Amino acid sequence: MVLEETGQQSWLARVHNWRVTHVSDKMFLLILAFLVGLLSAVAAYSLHSIINLIVSLLTSQFERTSANWLYLVYPVIGIYLTSLFVRYIVRDDISHGITRILYAISSNKSRLKSHNTWSSVIASAITIGFGGSVGAEAPIVLTGSAIGSNLGQLFHLDRKTLMTLVGCGAAGAIAGIFKAPVAGLVFTLEVLLIDMTMSSLLPILVSCMTATCFTYIFSGDAALFTFHLDNEWTVQRVPACLLLGVSCGLVSLYFIRTMSFAEGIFARFKERPYVRLAIGGSMLSLLIFLFPSLFGEGYSSINLLLNGQTEADWNQLLDNSLFAGQTALLIPYIALVLLFKVFATSATNGGGGCGGTFAPSLFVGCFTGFLFARLWNIEQVGVYVPEKNFALMGMAGVMSGVMHAPLTGIFLIAELTGGYSLLLPLMIVSVMSYLTIIIFEPHSIYGARLAKEGRLLTHHTDHAVLTLMNLESVIDRDYMAVDPDMELGQIVNKVSRSHSRVLPVLDSAGTLLGEIDIMHIRKVMFRIELYHHFQASQLMEEPRATLQETALMPTVMKTFEKTGAEWLPVVNTSGHLKGYISRQRLYTLYRKMVHDMSED
């Protein structure tokens, strides 16, 4: 669609018109995918640089052999500064980044607000830099998706293309953060539930490749986590891997259920931010003071478990805490950190901070795998299992369970650490974790909130189309209403000007009292002598069903199928008529959207 000329064209209109003339839609989408990948890499690098700078400034002077009381102060300051930034500068809710993306795809035509391209970066940098026990990944994924969405909106692209660009941003963000292009691709497929048709696969691959390459340029070859395989995997460890997968699934269940419970507690104080700050800040500070491993993303602790060779290496986890030097307490310490990480993450976000659950799931998984291997070896259940290898597999297992994304867990951990030699055990653990968690939780931690509202997009085409359809867009508000006292003669006059076969009968407040079906009054409507003998209240009948304006499209479709009606009224909670929905119009739109989604 060429933008209309109004006087002197803006630069954007000139660029758009030149593009339409000289660049095909497919090539233009690839160009935008490249830009999205580049900008996502820049955002990811900037966020991690800011976080590392803040952490270095705050903690460089800490004593390693004793507890540090500033752990009681920094997290509260970070949450408070973040809440002020969100409340007075952003003035919008930016929490639950990936859930927000899923909502935009399913309910807002893949449109994300422009401030999402920068607000989450600043907010999460403050939160995590001051010790908030959350991850930077979800904010960066939201940022990348917002970049894609806003670029698409800038050039007035259609909803299908916007969805692809949102996927490009998310995939580019994951690929850039972890230098893992394949993980970025499968993350978009599994978590954002964007179908990989030929029209969307290539742009997402371009975004992943671009983001990964530029991240290497920005930060060099160093991986986020380092891992060196010292002990080759053997088939004798299959039973241990299977049991670790089940354990990771149960830990994932604990993670999701505890997180949901804690969010419910903080939601009670939604309108009282200082109460939330007091509760969340106090809980977080106390937990970090007791267990410094909970400070920030916790990647340094993960690297200790992945690279430790001796007890002295692993005992470094106790540094800066009340447990420093008490090596006999390492296992209880790891178990307690594993349990309390979820509370620390909930307290951070519930108190007013900004961050995601991506890094916490990696953290919990690493501690789970290490603890499992250590207990297995202590009890001498079977063949020896190396703790560092199982810590790595635990990361994939818990991530797969929490996100319901086994492929993401497998490829992310394999790419992240170069642990491709452990690909088979990674697959065993991830799949077993996923099969365990779906027994109890049908949706991921990101999708559960939307699933409760019936707004979660899935790969099931019928359900996906109904989720994407908007009730507001199919309501016909151009109806001819009649009063209950209106005589037949006046009703016939209304019928002559109506484009539907149904006339609603409304009282003075607009409340729906009933409706008159033209086909049911044919015997009297052409008899002039009866025009003053019948009133609307005598001719009206109850609608076959009424629809609430908040009804979801699957409910609307089922109501039409059940009643066989051609028209159904839509009312609000007070019973006031909002308009009518035509069965024919609804099914026409449905068929068109199914056709559009089926095209490659």
Side-chain angles (χ1 to χ4, degrees), residues 223 225-252 254 293 298-319 323 325-339 341 361-401 406 409-436:
F225 303 123
T226 56
F227 177 80
H228 301 286
L229 183 64
D230 300 326
N231 198 308
E232 294 289 340
W233 184 79
T234 62
V235 72
Q236 288 80 8
R237 293 178 184 147
V238 168
C241 291
L242 292 171
L243 191 56
L244 174 62
V246 174
S247 300
C248 288
L250 295 176
V251 170
S252 302
Y254 165 77
S293 298
Y299 286 165
S300 59
S301 296
I302 292 177
N303 275 312
L304 276 176
L305 295 181
L306 292 181
N307 296 289
Q309 299 288 340
T310 65
E311 290 295 325
D313 295 332
W314 292 319
N315 286 332
Q316 293 180 48
L317 284 175
L318 303 175
D319 289 347
F323 305 91
Q326 302 181 50
T327 57
L329 297 177
L330 177 62
I331 297 304
Y333 179 87
I334 290 177
L336 290 172
V337 168
L338 189 160
L339 291 173
K341 177 65 175 180
S361 69
L362 289 175
F363 182 95
V364 170
C366 185
F367 275 63
T368 299
F370 185 91
L371 181 63
F372 176 91
R374 176 57 63 93
L375 294 176
W376 177 282
N377 291 330
I378 289 175
E379 296 297 329
Q380 297 182 342
V381 178
V383 64
Y384 168 80
V385 296
E387 286 91 345
K388 58 186 296 186
N389 292 9
F390 272 63
L392 184 71
M393 289 183 261
M395 294 169 68
V398 173
M399 169 179 286
S400 300
I410 294 166
F411 286 104
L412 177 63
I413 302 305
E415 289 186 288
L416 201 56
T417 60
Y420 281 102
S421 54
L422 292 176
L423 191 59
L424 181 58
L426 283 173
M427 293 171 67
I428 294 173
V429 173
S430 296
V431 170
M432 286 303 299
S433 176
Y434 176 69
L435 293 177
T436 301

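Just so it is clear, the structure is predicted and the values come from calculations on it, not from any experiment.
Once rounded to the nearest 0.5 Å, the distance linking CD1 of I302 with CG of N307 reads 11.5 Å. Atom CE of M395 sits about 5.5 Å away from atom SG of C366, to the nearest 0.5 Å. Atom-to-atom distance recorded for L329:CG and I334:CD1 is 11.5 Å, nearest 0.5 angstrom. Residue M393 holds its CE atom at 10.0 Å from CG of L424, rounded to the nearest 0.5 Å. Once rounded to the nearest 0.5 Å, the distance linking OG1 of T310 with CG of N315 reads 8.0 Å. If you take CG on L422 and CE on M427, they are separated by 13.0 Å, rounding to the nearest 0.5 Å.
Residues L362 and F225 meet the side-chain proximity criterion, which asks for heavy atoms closer than 4.5 Å. With a 4.5 Å cut-off on side-chain heavy atoms, F363 and V337 count as touching. Considering only heavy atoms from C-beta on, L305 stays 4.5 Å or farther from K388 through its side chain. Looking only at side-chain heavy atoms (C-beta outward), F390 and P425 stay at 4.5 Å or farther from each other.
Listed by chain and number, the residues in a ring-ring contact (aromatic ring centres under 6.0 Å, His included) with Y254 amount to none (sequence neighbours excluded). With sequence neighbours excluded, the residues that form a side-chain contact (heavy atoms from CB on, under 4.5 Å) with L304 are Q316, L317. F370 pairs by the ring-ring contact (aromatic ring centres under 6.0 Å, His included) definition with W314, not counting sequence neighbours. Partners of K341 under the salt bridge (charged side-chain N to carboxylate O under 4.0 Å, His left out) rule, at least two apart in sequence or in another chain, do not exist in this structure. Under the ring-ring contact (aromatic ring centres under 6.0 Å, His included) criterion, W233 pairs with no residue at all, not counting sequence neighbours.
Under a cut-off of 6.0 angstrom, the local environment of CZ in F372 is crowded, with over 12 non-hydrogen atoms contributed by other residues, nucleotides or ligands.
In this structure, A396 and L426 approach most closely via the heavy-atom pair CB-CD2, 3.7 Å. For C241 against V429, the heavy-atom pair with the smallest separation is O-CG2, 3.6 Å.
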Determine all donor-acceptor pairs shorter than 3.5 Å in which one atom belongs to a side chain in residues 242-249; sequence neighbours excluded.
unit_1: S247; atom_1: OG; unit_2: L243; atom_2: O; d: 2.9

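Residue pairs satisfying the salt bridge (charged side-chain N to carboxylate O under 4.0 Å, His left out) criterion with at least one member in residues 231-241, sequence neighbours excluded, are absent. Screening residues 326-335 for side-chain hydrogen bond (donor to acceptor under 3.5 Å, both in side chains) gives S293-Y333 as the qualifying pairs, with residues at least two apart or on separate chains. Residue pairs meeting the salt bridge (charged side-chain N to carboxylate O under 4.0 Å, His left out) criterion with at least one partner in residues 300-313, sequence neighbours excluded, are E311-R374. Within the structure, side-chain hydrogen bond (donor to acceptor under 3.5 Å, both in side chains) contacts touching residues 424-436 (residues at least two apart or in different chains) are S400-S430.
Put simply, the side chain of N231 never gets that close to the backbone of N389: no donor and acceptor are under 3.5 Å apart.
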